Amino acid sequence: MNKQVAMVGWRGMVGSVLMQRMLDEKDFEGLDVTFFSTSQAGQPGPAMVSGAGTLVDAFDIDALAAHDVVVTCQGGDYTKDVHPRLRAMGWDGYWIDAASALRMVDNSVIVLDPVNRDVMDRALDEGIKDFIGGNCTVSLMLLAVHGLIQRGWVDWITSMTYQSASGAGAAQMKELVIQMAQIGAAAGEAAAESGAPVLEVESTVSDLLRSADLQIDQFGAPLAASLIPWIDRAMENGQTREEWKGQAELNKILNLNPELPVDGQCVRVGAMRCHSQGLTIKLKQDVPLADIEAAIRESNDWVRLVPNTKEATLQELTPAAISGRLDIGIGRLRKMTLGGDYLTAFTVGDQLLWGAAEPVRRALNIVLGR
Ligand code: NAP
């Protein structure tokens with residue numbers, strides 16, 4: 001009999017990418033899938049999946065409990081509401097989730113199988129049932145530099161992030177485009193005129209950014225033509241929660257003891273898709289650059305080492321180049337002037353693919369033994 005899989009949150013940013021990847025990889029074959037929604041129950045299911053049927057209410061606990069696996073990309077509030085109720089009624093299926101809500105609880109595993117398949121397999125043997133996708137920046141950083149951590153070369157890491165609008169969700173990504181359109185409408189024509197005074201163009205844009213006319217309902221501040229150095233909520237120690245996740249999740253993913261210190265600043269920028277990170281890596285010793293390059297290249301099938309030249313960087317190491325691809329670009333790799341044990345690198349990865357949907361998609365196949 002086919003396994004019964006419930007899909008929740010399939011029409012959001014992460015869910016849409018997950019759906020596309022599952023179609024590309026023919027993952028729906030051999031599964032009986034029910035599609036749920038928190039807001040559109042009774043409406044037709046996704047047209048691209050044949051026989052998808054109508055949408056079921058995602059708060060219907062009995063309906064969810066009829067499935068072997070629940071896959072959700074709906075968000076943390078949904079998880080906090082529904083997961084405890086399902087478990088309380090004795091449901092013993094696999095819960096696979098893109099949200100952060102269950103990542104740090106004791107009986108869950110953060111999934112990123114190219115770097116922690118051993119941790120996942122051990123958890124399956126122990127009867128763990130909650131498999132949770134990691135924070136996007138953490139997963140992308142690990143895929144880029146796991147080869148160095150694996151060899152025991154790394155003392156600590158700082159990560160300065162440049163995170164795209166779509167990392168915040170569908171509504172936020174649309175708001176960035178609306179802000180861009182507003183800026184274009186206000187100053188686009190003047191900017192295109194070769195003789196237009198440049199400071200007039202700049203002040204038109206700056207005035208709009210500071211006016212009440214710019215739509216900022218989602219982000220609370222202009223993102224287009226600006227940036228926002230704050231992601232998620234405040235922690236007591238001055239970090240944001242996004243920054244806190246760096247060390248907490250990396251160490252849980254790899255099951256490291258003692259912990260590897262990781263900290264930095266997380267910044268939202270006006271990129272549409274892909275999270276980028278400027279890394280400083282303190283090495284335990286002065287490892288030759290050639291060995292570092294080899295360790296990165298060999299670490300998994302998706303990492304792509306980009307030569308530290310202007311041409312290669314512009315062509316291969318930007319969100320525009322990497323969006324929509326499973327490649328994890330890492331370049332600008334060099335020893336810092338601070339000393340031979342200080343390494344810097346820049347990495348770009350699609351936060352909707354390897355940062356969210358892909359580990360979840362692969363976790364589904366792993367728990368199903370396929
Ligand atoms: P999202 O785009 O906001 O989608 C979440 C849900 O919002 C959808 O499933 C849908 O649920 C509802 N929705 C309301 N209006 C919508 C619209 N116009 N278009 C599409 N969906 C709409 O959220 P997300 O970015 O996918 O994030 C889902 C979870 O994954 C969150 O916990 C997030 O933290 C996590 N995550 C996100 C990323 C990322 O890059 N975005 C990366 C890693 C992890 P109904 O059908 O039930 O209405």
Side-chain angles (χ1 to χ4, degrees), residues 6-21 34-46 52 54-60 63-64 70-83 95-104 108 110-112 131-143 161-178 217-219 231-233 240-242 245-246 249 253 266 268-269 271-277 319 322-324 348-361 363:
M7 297 279 299
V8 187
W10 53 272
R11 74 183 186 103
M13 292 287 341
V14 176
S16 310
V17 172
L18 175 63
M19 292 284 290
Q20 191 54 55
R21 284 291 299 141
T34 313
F35 293 92
F36 289 76
S37 172
T38 61
S39 64
Q40 299 188 330
Q43 294 189 29
T54 51
L55 298 175
V56 179
D57 178 5
F59 295 105
D60 183 338
L64 289 166
V70 173
V71 179
T72 169
C73 304
Q74 185 63 28
D77 290 344
Y78 176 80
T79 299
K80 283 182 207 154
D81 178 7
V82 168
H83 178 271
W95 177 273
I96 303 180
D97 197 339
S100 64
L102 298 177
R103 279 181 205 146
M104 297 310 293
S108 78
I110 305 180
V111 296
L112 189 64
F131 288 78
I132 316 298
N135 171 266
C136 34
T137 41
V138 178
S139 297
L140 296 172
M141 174 170 58
L142 263 180
L143 285 164
T161 75
Y162 308 77
Q163 300 183 218
S164 66
S166 60
Q172 285 82 347
M173 197 199 72
K174 285 181 182 164
E175 184 166 279
L176 172 65
V177 177
I178 291 167
D217 302 344
Q218 299 297 328
F219 283 113
I231 298 177
D232 211 332
R233 59 187 160 85
T240 63
R241 192 165 169 80
E242 186 79 356
K245 286 173 184 172
E249 289 194 20
I253 290 170
C266 291
R268 187 77 66 198
V269 297
M272 190 62 55
R273 186 168 166 170
C274 279
H275 289 351
S276 309
Q277 305 179 57
I322 294 209
S323 282
V348 186
D350 188 317
Q351 96 288 350
L352 289 166
L353 281 165
W354 268 119
E358 193 64 5
V360 162
R361 185 190 75 78

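Values in this document were obtained by computation on a predicted structure and should not be read as measured data. Atoms within a ligand are numbered from 1 in the order they appear, just like the ligands themselves. Every heavy atom of this structure was used, including side-chain atoms; hydrogens, water molecules and symmetry mates were not.
Closest heavy-atom approach to atom 48 (O) of ligand 1 within the set A171, A165, S39, A41: this belongs to S39. Remark: among candidates M13, Q74, R11, the nearest residue to atom 14 (C) of ligand 1 is R11, based on non-hydrogen atoms. When M7, Q172, Q351, Q43 are checked for heavy-atom proximity to atom 40 (O) of ligand 1, Q351 turns out nearest.
Near A356, with a cut-off below 4.0 Å to any heavy atom, the atoms of ligand 1 are 42 (C), 43 (C). Atom numbering of ligand 1 starts at 1 in the shown order; those under 4.0 Å from a heavy atom of C73 are 28 (C), 29 (C). In the vicinity of A99, heavy-atom distances shorter than 4.0 Å reach the ligand 1 atoms 32 (O). Those atoms of ligand 1 with a heavy atom of G9 less than 4.0 angstrom away are 9 (O). Within ligand 1, the atoms closer than 4.0 Å to a non-hydrogen atom of G76 are 32 (O), numbered from 1 in the order shown. Below 4.0 Å from some heavy atom of A170 lie the following atoms of ligand 1, by number and element: 1 (P), 2 (O), 3 (O).
Between the side chain of S108 and the backbone N or O of R103 there is at least one donor-acceptor pair closer than 3.5 Å. The closest donor-acceptor contact from the side chain of D232 to the backbone of T240 lies at 3.5 Å or more, if one exists at all. The closest donor-acceptor contact from the side chain of R11 to the backbone of S16 lies at 3.5 Å or more, if one exists at all.
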> Could you go step by step and tell me if K245 and S100 meet the side chain to side chain contact (heavy atoms under 4.5 Å, CB included) rule?
Replying inline: CA-CA 10 Å; K245 286 173 184 172; S100 64; 4.0 Å; yes

> What do the steps show when you test T161 against E242 for side chain to side chain contact (heavy atoms under 4.5 Å, CB included), and what is the final call?
Replying inline: CA-CA 10 Å; T161 75; E242 186 79 356; 5.9 Å; no

>> Run the side chain to side chain contact (heavy atoms under 4.5 Å, CB included) test on I96 and V111 for me, step by step, so that the C-alpha distance in whole Å, both residues' side-chain angles and the decisive distance to 0.1 Å come before the verdict.
In response: CA-CA 9 Å; I96 303 180; V111 296; 5.7 Å; no

>> With side chain to side chain contact (heavy atoms under 4.5 Å, CB included) as the criterion, how do W354 and L112 come out once you've worked through the C-alpha distance, each side chain's angles and the decisive distance to 0.1 Å?
In response: CA-CA 9 Å; W354 268 119; L112 189 64; 4.2 Å; yes

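For atom 25 (O) of ligand 1, the closest non-hydrogen atom of the protein is G169 CA, 3.3 Å. The protein non-hydrogen atom at the shortest distance from atom 26 (O) of ligand 1 is V14 N, 2.8 Å. G12 CA, 3.2 Å is the protein heavy atom nearest to atom 4 (O) of ligand 1. Closest to atom 35 (C) of ligand 1, if we only count protein heavy atoms, is A98 O, 3.5 Å. Closest to atom 31 (C) of ligand 1 among all protein heavy atoms lies G75 CA, 3.7 Å.
Counting heavy atoms from C-beta outward, Q277 and Q163 have side chains that stay 4.5 Å or more apart. Side-chain contact between M7 and Q74 is absent, with no heavy-atom pair separated by less than 4.5 Å.
Atom CE of M173 sits about 12.0 Å away from atom CD of Q218, to the nearest 0.5 Å.
Ligand 1 has at least one atom lying under 4.0 Å from a heavy atom of G355. Close to ligand 1: K174, with a non-hydrogen atom less than 4.0 angstrom away. Contact annotation: Q40 has no heavy atom less than 4.0 Å from any atom of ligand 1.
The proximity of S166 to ligand 1, defined as any non-hydrogen pair under 4.0 Å, is limited to the backbone.
Between F59 and F36, the distance separating the two ring centers is not shorter than 6.0 angstrom.
Note that atom 33 (C) of ligand 1 has no protein non-hydrogen atoms nearby, at separations under 4.0 angstrom. Protein non-hydrogen atoms do reach within 4.0 Å of atom 2 (O) of ligand 1.
Q351 and T137 share no side-chain donor-acceptor pair at under 3.5 Å.
Ring pair W95/H83 is perpendicular by interplanar angle, where above 60° counts as perpendicular and below 30° as parallel.
Between T38 and ligand 1, an N or O atom pair is found at a separation short of 3.5 Å.
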